[in-house]
Amino acid sequence: MEWYWVALIVGFVAPLIIRGREILVGFQEGGPLVGFGTWFGASLLTVPVMLLFMWLGSWLL
């Protein structure tokens, strides 16, 4: 699998691991919009970071 697909998948799954409790509370208290909003907000930070790390790793190796 190409490095950018791995970075995208890890970038979208990482918020579930890092901020899983907050996302779950968002779903429970605010419904799908708040839950997905919390997850998407965290993904806006993790996806670019993972793409950068994976790009640097592929470039350096």
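All values reported here derive from a predicted model rather than from experimental measurement. Index from 1, following the sequence. Computed over heavy atoms, backbone and side chain alike; hydrogens, waters and symmetry mates excluded.
- At most 12 heavy atoms of other shown residues, nucleotides or ligands fall within 6.0 angstrom of atom CZ in F36.
- What you find for G11 and P15 is that their closest heavy atoms are O-CD, 3.1 Å.
- The line from CZ of R19 to CG of L45 is 8.0 Å long, rounded to the nearest 0.5 Å.
- In this structure, L51 is a member of the same hydrophobic cluster as I9, with clusters built from ILVMFWY side-chain heavy atoms closer than 4.5 Å.
- With hydrophobic clusters built from ILVMFWY side chains whose heavy atoms lie under 4.5 angstrom apart, Y4 shares a cluster with L52.
- V13 and I23 fall within a single hydrophobic cluster, where Ile, Leu, Val, Met, Phe, Trp and Tyr side chains are chained together by heavy-atom contacts under 4.5 Å.
- Cluster annotation: F27 and I17 are assigned to the same hydrophobic cluster (Ile/Leu/Val/Met/Phe/Trp/Tyr, side-chain heavy-atom contacts under 4.5 Å, transitive).
- One hydrophobic cluster, built from ILVMFWY side chains closer than 4.5 Å, cannot hold both L33 and V25; they sit in different ones.
- Under the 3.5 Å distance criterion, the side-chain polar atoms of W3 are left unmatched by any main-chain donor or acceptor of L56.
- Residue V10 comes nearest to M50 through the heavy atom pair CG1-CE, 3.6 Å, listed as atom of the first residue, atom of the second, then distance.
- For the atom pair CG of L8 and OG of S43, the computed distance is 10.5 Å after rounding to the nearest 0.5 Å.
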